[in-house]
Enquirer: 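Got a structure for you, questions after.
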Amino acid sequence: MSMMQRVRLHGRRLAAGVAAGGLLASGLVAIGVGAAGPANANVPRIACSWIEAGGLDTRENTTVCRGPGKKATVVIHRDCWKYQPPRNSFVRVKQGSKWFATDIRVFIRKVDSCPESHPWLTRVKIPTEGIGLYDTQRYRLIMPAHEVEVDDTVVQVKRARLNIYVCMMREDRERTC
């Protein structure tokens, strides 16, 4: 958050506090303001992520939430792949209309927890620091085109992109990102 945004936020909080204080002093909303402030402050945040893939809407069946507390400081996104992803796979973040490089690592392993038809796992650990409440941040896992050898046959694997969305929400609330 920039200094100017902090100043604006502080100014809005101050103005809201002065307005609430004036209403409290006049006796108009003593219960409403007093009850609304602390209740929202105590509701912990959770971190949720989902992917966008071709075909049917995948948000509903791929959304995973972590938290509250320390668990919500990162989102760990896992996907299984048919062919071994290249070691030079990387993650970008969208800011405005442009995509930028990140230092987020892509971990790649062959695991038993993935289906036999798609035994390769990618694991991406995305920090949630700086993501505002109910703001959705877009990430993209990119796997460059590459070759793999499968049963003594060289297979050409096309470049792949997987859009990942991360959002911070309040626990036990109806509102979602």
Side-chain angles (χ1 to χ4, degrees), residues 1-17 36-82 85-109 111 113-115 118 120-145 158-177:
M1 183 180 291
S2 72
M3 184 63 161
M4 192 60 168
Q5 289 172 323
R6 286 187 184 134
V7 169
R8 284 187 197 143
L9 183 60
H10 180 68
R12 287 182 187 149
R13 286 182 184 156
L14 182 61
N40 285 338
N42 294 331
V43 178
R45 292 181 178 197
I46 58 174
C48 297
S49 69
W50 61 93
I51 63 170
E52 179 185 280
L56 302 173
D57 178 28
T58 52
R59 178 176 177 167
E60 189 173 311
N61 62 9
T62 62
T63 299
V64 175
C65 295
R66 292 177 55 88
K70 188 174 180 178
K71 288 181 183 178
T73 61
V74 295
V75 166
I76 299 173
H77 186 80
R78 295 175 176 92
D79 280 295
C80 296
W81 303 91
K82 183 174 184 174
R87 297 284 170 205
N88 61 342
S89 298
F90 57 95
V91 176
R92 292 192 180 270
V93 63
K94 189 166 190 180
Q95 295 174 347
S97 62
K98 298 189 182 207
W99 291 94
F100 294 91
T102 68
D103 59 356
I104 297 171
R105 292 185 55 204
V106 179
F107 297 92
I108 301 166
R109 295 190 346 220
V111 297
S113 60
C114 284
H118 291 69
W120 292 96
L121 176 76
T122 55
R123 188 172 138 264
V124 179
K125 194 173 182 179
I126 301 171
T128 60
E129 182 180 354
I131 299 176
L133 194 57
Y134 298 103
D135 288 336
T136 301
Q137 180 65 59
R138 289 182 64 179
Y139 293 88
R140 183 173 279 167
L141 169 61
I142 300 173
M143 294 179 284
K158 292 181 180 178
R159 180 178 193 251
R161 285 189 326 206
L162 180 66
N163 291 324
I164 304 170
Y165 299 83
V166 177
C167 179
M168 299 298 292
M169 295 185 274
R170 293 224 185 260
E171 186 179 42
D172 299 328
R173 296 290 186 197
E174 293 293 321
R175 181 178 175 193
T176 60
C177 297

Enquirer: Are P44 and D172 close enough that some pair of their side-chain heavy atoms sits under 4.5 Å apart?
Expert: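 A side-chain contact is absent here, since even the closest heavy-atom pair is not under 4.5 Å.
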Enquirer: Please report the interatomic distance OG1(T128) to CE(M168), rounded to the nearest 0.5 Å.
Expert: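 Answer rounded to 0.5 Å: 4.0 Å.
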Enquirer: Decide yes or no on disulfide (SG to SG under 2.5 Å) for C167 and C48, but give the supporting numbers first.
Expert: CA-CA 5 Å; C167 179; C48 297; over 6 Å; no
Enquirer: Where is the tightest heavy-atom contact between P144 and F90, given as atom of each residue plus distance?
Expert: CG-CE2, 4.3 Å
Enquirer: Under 3.5 Å, side-chain donor or acceptor atoms of residues 66-77 against the rest of the protein: list the pairs with distances, not counting sequence neighbours.
Expert:
residue, atom, partner, partner atom, Å
R66, NE, K71, O, 3.2
R66, NE, V74, O, 3.1
T73, OG1, K70, O, 2.7
H77, NE2, D79, OD2, 2.5

Enquirer: Distance check, rounded to the nearest 0.5 Å: I131 atom CD1 versus I126 atom CD1?
Expert: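 So the gap between those two atoms works out to 8.0 Å.
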Enquirer: I'd like to know if the side chain of T62 reaches the main chain of I51, judged simply by a donor and an acceptor atom lying under 3.5 Å from each other, with no hydrogens or angles considered.
Expert: yes
Enquirer: Can you sort out the partners of Y165 under ring-ring contact (aromatic ring centres under 6.0 Å, His included), two or more places apart, ordered by chain and number?
Expert: W50
Enquirer: Could you give the distance from NZ (K125) to CZ (R78), rounded to the nearest 0.5 Å?
Expert: 10.0 Å
Enquirer: Indicate yes or no: at least one non-hydrogen side-chain atom of Y134 is less than 4.5 angstrom from one of M169.
Expert: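 Contact flag for Y134/M169 side chains = yes.
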Enquirer: Check this for me: R105, atom CZ, are more than 12 non-hydrogen atoms of other residues, nucleotides or ligands nearer than 6.0 Å?
Expert: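 Atom CZ in R105 is not crowded, with 12 or fewer foreign heavy atoms closer than 6.0 Å.
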Enquirer: Which heavy-atom pair separates S89 from V106 by the least distance, and what is that distance?
Expert: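 The pair with the smallest heavy-atom distance is O-CG2, 3.8 Å.
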Enquirer: For the residue pair C80 and H118, what are the closest heavy atoms and their distance?
Expert: CB-O, 3.4 Å
Enquirer: So how far is it from W120 CH2 to K82 NZ, rounded to the nearest 0.5 Å?
Expert: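 Atom-to-atom, W120:CH2 and K82:NZ are 14.5 Å apart.
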Enquirer: Pairs under 3.5 angstrom only: tabulate donor-acceptor contacts from the side chains of residues 135-142 to other protein residues two or more places apart or in another chain.
Expert:
residue, atom, partner, partner atom, Å
Q137, NE2, K94, O, 2.7
R140, NE, N163, OD1, 2.7
R140, NH2, N163, OD1, 3.1

Enquirer: In Å and rounded to the nearest 0.5 Å, what is the CZ to CZ distance from R45 to R170?
Expert: 5.5 Å
Enquirer: Roughly how far apart are E52 CD and R161 CZ, rounded to 0.5 Å?
Expert: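 The distance works out to 9.5 Å.
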Enquirer: Show the nearest heavy-atom pair for residues S49 and V166, with the distance to one decimal.
Expert: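 For S49 versus V166, the nearest heavy atoms are CB-CG2, 4.2 Å.
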